[in-house]
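All figures in this text were calculated on a predicted structure; none of them were measured in a lab. Values reported hereafter were calculated over all heavy atoms of this structure, with side chains retained and with hydrogens, waters and symmetry mates removed.
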Amino acid sequence: MKSLFSPRKAAVALAVAASLSLTACQAPAKKVDAPVAASVAPQPVDSRVSQRVLADGLYEMAYAPEAKALYVASAQSFKDVNGGVIYRLDPVTLATKGETHTDLKNFAMAMDPDGRVFYTTNTLDSGIAKVDAQSGKVLQRVMFSDKGKDGDPMPAREIFWHQGLLYVGGVGDPGVIWVVDAQTMKLKTRITNAGKWVTGIIYSPVTDRLYAANGGGEILVINPRTHKIEKRLTAGDGKEYLFLNLAEDPATGRLLVTDDSKAKTTLVFDERSGKVIKRIEGDALGIKFNAKRNEIYLSQRAAKKVLQLDATTYAVKNSWSFDSHPNSLLLSPDGQTLYVTIKQDFNKDSSTKGPDSIARIALQ
């Protein structure tokens, strides 16, 4: 499939990449910052953290247990480079075990629960691909016909699997959520009037509802059977928000959403009342909840840190500092390892200051 990467498309890419904000050498582990006062002496190098430089344009990840593989989506460079790569890594050593070179650029990822296939968004071309988890081969694609106000394809940001369907957020104004049959890769329906820029998507077993965040500061409450938007949750404080990524603690019915630009905070909603019950101040991009350890993890792009929080008290238990910008997060199936993509700054010509990295944190 043809994908001509024009200067205009490069500019769009940078905007979308910021909102997603997914032959290497082994890099030293970074120092771990103790969650105490700044006057305390810095801690030594943390042996739990390993990191390696991998490639340009890294975004989200998927863990394939049966294949014993960590897959990483790459858009490659946004300057003079068409297509992308899906990297297959050893989940322990982070060594490269395989590469799939694709004609379109790869961003978000979602794993099918059976572990045989995963899905990636071809964001700039408004499509998604199904990939074999054993071989890394692209099996099928579906391209969406929706256009933005500028006439270009509406970017496909996040992708989420639920009950045999894929929910894909369209970054438009207004945005849309495409609903795709995961087996046939056929478009079933569209959820329209989804607000400006659909970003994070998640399902809650507590309420049996899908939640979708958007750039207008709304969380859409969607019935997964009718695909109707039943409610729109907001902070209710009159402030502007640009919601990004979502996580949930089903045991307590808490829904967490990050805002990395306008409010620089993480809001915690009570799912039953729809009210904000906690604000975690500070820039936050990626977010994961770990039920097995009762912990929350946040990537702080601006602060160049990853935080480990107690999910009950919200106290910082640990933080890890990096030389550049932590972006996407992924938990291993056993909940004992956290993976992080770490991004470089962009130059004005759409190039970056160097290749992106991936880090592995052994949680203790």
Side-chain angles (χ1 to χ4, degrees), residues 22 24-36 40-55 58-74 87-98 109 111 115 118 133 245 247 249 256 258 266 280 284-301 303-343 355-364:
L22 292 168
C25 60
Q26 188 72 25
K30 297 298 180 288
K31 292 181 180 179
V32 58
D33 300 328
V36 292
V40 176
Q43 297 295 308
V45 170
D46 189 345
S47 61
R48 295 172 297 173
V49 183
S50 57
Q51 181 183 343
R52 63 164 291 199
V53 177
L54 182 56
L58 301 184
Y59 286 95
E60 292 192 358
M61 300 158 283
Y63 194 107
E66 289 188 11
K68 297 180 180 179
L70 175 69
Y71 282 96
V72 186
S74 166
Y87 292 96
R88 175 178 174 151
L89 306 183
D90 183 296
V92 177
T93 67
L94 302 182
T96 299
K97 296 299 183 181
M109 301 186 87
M111 176 62 66
F118 62 87
N245 298 306
D249 174 10
L256 300 90
T258 61
T266 301
I280 305 172
L285 182 66
I287 184 167
K288 294 294 178 184
F289 172 78
N290 188 344
K292 295 180 179 179
R293 297 176 56 89
N294 191 42
E295 292 175 342
I296 299 165
Y297 311 104
L298 294 170
S299 63
Q300 294 188 305
R301 184 180 174 89
K304 301 180 181 180
K305 291 184 178 182
V306 172
L307 303 183
Q308 177 185 30
L309 280 66
D310 182 288
T312 300
T313 65
Y314 305 103
V316 177
K317 297 173 65 175
N318 249 318
S319 70
W320 295 274
S321 294
F322 297 90
D323 292 336
S324 50
H325 307 287
N327 201 73
S328 300
L329 303 175
L330 178 72
L331 272 172
S332 61
D334 65 3
Q336 302 306 311
T337 306
L338 183 68
Y339 298 96
V340 189
T341 54
I342 301 165
K343 301 192 64 61
D356 296 339
S357 302
I358 184 164
R360 179 185 188 274
I361 302 174
L363 299 169
Q364 293 182 7

Between [X] and [Y], which heavy-atom pair has the shortest distance, and what is it?
| X | Y | answer |
| --- | --- | --- |
| K288 | L331 | CB-CD1, 4.2 Å |
| Y314 | L309 | O-CD2, 3.6 Å |
| F118 | M109 | CE1-CE, 3.1 Å |
| N327 | S299 | O-OG, 2.7 Å |
| I287 | N245 | CG2-O, 3.7 Å |
| M61 | I358 | SD-CD1, 3.8 Å |

Nearest 0.5 angstrom please: [X] [atom1] to [Y] [atom2], how far?
| X | Y | atom1 | atom2 | result |
| --- | --- | --- | --- | --- |
| F322 | K304 | CZ | NZ | 12.5 Å |
| Q300 | T258 | CD | OG1 | 11.0 Å |
| I296 | L307 | CD1 | CG | 10.5 Å |
| L89 | Y71 | CG | OH | 10.0 Å |
| H325 | S357 | NE2 | OG | 11.5 Å |
| K68 | R88 | NZ | CZ | 11.0 Å |

Do [X] and [Y] come close enough that some side-chain heavy atom pair is under 4.5 Å?
| X | Y | value |
| --- | --- | --- |
| I361 | Y339 | no |
| P91 | T337 | no |
| L70 | L94 | yes |

> Taking the side chain from N290 and the backbone from G335, do they hold a donor-acceptor pair closer than 3.5 Å?
Replying inline: yes
> Is there a donor-acceptor pair closer than 3.5 Å between any side-chain N or O of K292 and the backbone N or O of P333?
Replying inline: yes
>> Exactly one of L298, I342, L338, N318 should register a side-chain contact (heavy atoms from CB on, under 4.5 Å) with V306. Which one does?
In response: L338
Partners of [X] by side-chain hydrogen bond (donor to acceptor under 3.5 Å, both in side chains), sequence neighbours excluded?
| X | value |
| --- | --- |
| R293 | E295, Q336 |
| S332 | D334 |
| S324 | none |

>> So, using side-chain contact (heavy atoms from CB on, under 4.5 Å) as the criterion, who are the partners of A362 when residues are at least two apart?
In response: R48, R360
>> Going by ring-ring contact (aromatic ring centres under 6.0 Å, His included), name the residues that satisfy it together with Y87, two or more places apart in sequence or in a different chain.
In response: none
>> Y297: which residues meet the ring-ring contact (aromatic ring centres under 6.0 Å, His included) condition with it, sequence neighbours left out?
In response: none
>> side-chain contact (heavy atoms from CB on, under 4.5 Å) for T96 and L54? Distances and angles first, verdict last.
In response: CA-CA 9 Å; T96 299; L54 182 56; 3.9 Å; yes
>> Would V72 and T341 count as a side-chain contact (heavy atoms from CB on, under 4.5 Å) here? Give the steps.
In response: CA-CA 9 Å; V72 186; T341 54; 4.3 Å; yes
